[in-house]
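Inspection log for the structure reproduced underneath, given as structure tokens.
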There are 2 protein chains.
Amino acid sequence: MRITRHSDYALRTLMYLALKQGSVVTINEIAERYGISRNHLTKVVNRLHQLGYLRATRGKNGGLTLASAPGQISVGAVFRDMESSLAVVECVDEPGACVLSPSCRLQGLFNQAQAAFLAQLDAHTLADLLPPETGRQLRDLLAIER
Amino acid sequence: MRITRHSDYALRTLMYLALKQGSVVTINEIAERYGISRNHLTKVVNRLHQLGYLRATRGKNGGLTLASAPGQISVGAVFRDMESSLAVVECVDEPGACVLSPSCRLQGLFNQAQAAFLAQLDAHTLADLLPPETGRQLRDLLAIER
DNA sequence: CTATAAGATGCATGTTAAATGCATCTTTAA
DNA sequence: TTAAAGATGCATTTAACATGCATCTTATAG
């Protein structure tokens, strides 16, 4: 039971931007601080841009900024947008994957469980992840001076 | 966001046994009816046996039976036992995977969401998945005569 | 007592999605 | 016009998962 790094990197990127609100941040900076692949992060950022979560400026002195206030960005929304497939089990997506499908209650149960998972994420915004004291600690960990 | 086939096969196997309570069922039969790999299923069955969910008899006329009543078998318990890793994100397992870990609230949120997921599964037993009418339909789909 | 049918087990291989790397293009400002 | 930034497409690697194969063990029928 694992989610992809897309969602993880996406949320961490948005957190980084939120921690540095007011400045423009480059992909290189984020990749370095987190110690992750620049290439992969580029794609995640790109997708976040297309989805409208952040603003990206090309060229010299370019970089990224949050497109909305942290309190307006739902963790659940980001997750749904970034996770490639939301199907917990194969049979939910692919008709014919299991003979039981037409009457299977297990599918329904998995869907219910997933809904409960998403409901928790939906109940929180970026801002909830970054209360003042936590924000200070995270800036220290990321060596962000303000 | 996907779970492994271990859990899926395990639950489907237990459902099959529950639908055929009173008879002994072979791995071959289950694999054929579901159209899945006999080898893989063998390993799943083996694990279910070790965990005490089913009884296995070797040799001629051998086979499998449920070890307890369907109402006693929790879907959540089977899931926890069969899923190889319960960590939703890498950073929950592996210390040092992310610099934020010491103060990260995202981890906590993912743990909460996972708990909500598991709570749904915990609230149901095999018996809930197989009420009488559903049982009849599933037996038809599996070509189980009684 | 032996043939056969069942589960058990370990090792090897295949498969697939995810992650990463590389090269190149586009945009923008100094 | 050059350098710094994001954008994009293709190739490659990786790792988890799934599957296959061979062999062993156990038990029962005859």
Side-chain angles (χ1 to χ4, degrees), chain A residues 1-10 12-13 17 23-32 34-65 67 82-91 93-94 97-98, chain B residues 1-10 12-13 17 23-32 34-65 67 82-91 93-94 97-98:
Chain A
M1 186 186 185
R2 184 66 62 109
I3 66 169
T4 66
R5 279 182 203 185
H6 280 82
S7 319
D8 191 24
Y9 284 8
R12 287 205 256 157
T13 296
L17 296 181
S23 339
V24 170
V25 180
T26 67
I27 292 179
N28 275 317
E29 176 180 341
I30 302 175
E32 270 170 29
Y34 281 132
I36 64 184
S37 152
R38 188 209 176 259
N39 294 288
H40 199 44
L41 184 61
T42 297
K43 280 149 206 176
V44 170
V45 163
N46 205 227
R47 184 130 181 67
L48 286 172
H49 181 210
Q50 289 166 350
L51 290 162
Y53 288 105
L54 49 79
R55 295 211 183 79
T57 326
R58 292 181 174 193
K60 215 163 190 172
N61 300 334
L64 315 168
T65 54
M82 299 299 299
E83 202 66 5
S84 54
S85 163
L86 284 174
V88 176
V89 280
E90 198 185 17
C91 58
D93 286 299
E94 292 169 38
C98 173
Chain B
M1 185 186 187
R2 184 63 63 109
I3 65 169
T4 66
R5 280 185 201 183
H6 280 81
S7 318
D8 190 22
Y9 284 8
R12 288 207 256 156
T13 296
L17 296 180
S23 340
V24 170
V25 179
T26 67
I27 292 179
N28 275 317
E29 177 180 338
I30 303 175
E32 271 171 28
Y34 282 131
I36 62 184
S37 151
R38 187 208 179 259
N39 294 289
H40 199 45
L41 183 61
T42 297
K43 278 148 205 174
V44 170
V45 162
N46 206 229
R47 185 130 180 67
L48 286 173
H49 181 209
Q50 288 165 352
L51 290 163
Y53 288 106
L54 50 78
R55 296 210 181 82
T57 326
R58 292 182 175 193
K60 216 164 191 173
N61 301 331
L64 315 167
T65 54
M82 299 299 299
E83 202 65 5
S84 54
S85 163
L86 285 173
V88 176
V89 280
E90 196 184 18
C91 57
D93 274 310
E94 292 168 38
C98 174

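Protein chains get the first letters and strands the later ones, always in sequence-line order, with residue 1 at the start of each.
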Using whole Å, what does the distance between atom [atom2] of nucleotide [N] and atom [atom1] of [X] come to?
X	N	atom1	atom2	value
A/Met82	C/dA18	CE	P	12 Å
A/Asn46	D/dA7	CG	C1'	6 Å
B/Leu48	C/dA8	CG	P	10 Å
A/His49	D/dT8	NE2	C1'	14 Å
A/Arg38	D/dA4	CZ	P	13 Å
B/Asn28	D/dG20	CG	P	13 Å
A/Leu64	D/dA4	CG	P	17 Å
B/Arg47	C/dG10	CZ	P	14 Å

Check every atom of [options] against the side chain of [X] and return the nucleotide holding the closest atom.
X	options	result
A/His40	C/dT20, C/dA8, D/dT28	C/dT20
A/Ile27	D/dT19, D/dG6, C/dA19	D/dG6
A/Thr26	C/dA8, D/dC17, D/dA5	D/dA5

Original post:
Which residue, A/Ser37 or A/Lys60, contacts DNA chain C at a nucleotide closer to its 5' end, judged by nearest heavy atom?
Top reply: A/Ser37

Subject >> With B/His6, the side-chain contact (heavy atoms from CB on, under 4.5 Å) member among B/Asp8, B/Thr4, B/Ile3 >> reply: B/Thr4

Subject >> From CG (B/Leu17) to CZ (B/Arg55), nearest 0.5 Å >> reply: 11.5 Å

Subject >> Straight-line distance of A/Asn28 CG to A/Arg38 CZ, nearest 0.5 Å >> reply: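 With rounding to 0.5 Å, CG (A/Asn28) is 4.5 Å from CZ (A/Arg38).
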
Is [X] near enough to [N] that one of its side-chain N or O atoms lies under 4.0 angstrom from OP1 or OP2?
X	N	answer
A/Asn61	C/dA30	yes
A/His6	C/dA17	no
A/Tyr9	C/dA18	no

Original post:
What about A/Lys43: does its side chain form a donor-acceptor pair under 3.5 Å with the base of D/dG6?
Top reply: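 No such pair is found, so the answer is no.
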
Original post:
Closest nucleotide of DNA chain D for A/Gly63 versus for A/Met1: which of these residues is on the 5' side?
Top reply: A/Gly63

Subject >> Set of ring pair (Phe, Tyr, Trp, His ring centres under 6.0 Å) partners for A/Tyr53, sequence neighbours left out >> reply: none

Subject >> Minimal non-hydrogen separation, B/Thr65 against B/Ser23, with atom names >> reply: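 Smallest heavy-atom distance, with atoms named: CG2-O, 3.6 Å.
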
Original post:
Is A/Val24 close to A/Thr57 at the side-chain level, that is, under 4.5 Å between some pair of heavy atoms?
Top reply: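 No - every pair of side-chain heavy atoms lies 4.5 Å or more apart.
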
Original post:
Are any of the side-chain heavy atoms of A/Leu48 and A/Leu64 separated by less than 4.5 Å?
Top reply: no

**OP:** Look at all strands and tell whether A/Asn39 reaches a base, only sugar-phosphate, or nothing, counting heavy atoms closer than 4.0 Å.
**Re:**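 Counting heavy atoms under 4.0 Å across all strands, the contact made by A/Asn39 includes a base.
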
**OP:** Classify the nucleic acid contact of A/Ser84 as base, sugar-phosphate or nothing, counting any heavy atom under 4.0 Å across all strands shown.
**Re:** sugar-phosphate

Original post:
So which of residues 50-59 of chain A are in contact with DNA chain D, with a heavy-atom cut-off of under 4.0 Å?
Top reply: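 The answer is A/Gln50, A/Ala56, A/Thr57, A/Arg58, A/Gly59.
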
Subject >> Criterion salt bridge (charged side-chain N to carboxylate O under 4.0 Å, His left out) against B/Glu90, the qualifying member of A/Arg12, A/Arg2, A/Arg5 >> reply: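 Filter result, single survivor: A/Arg5.
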
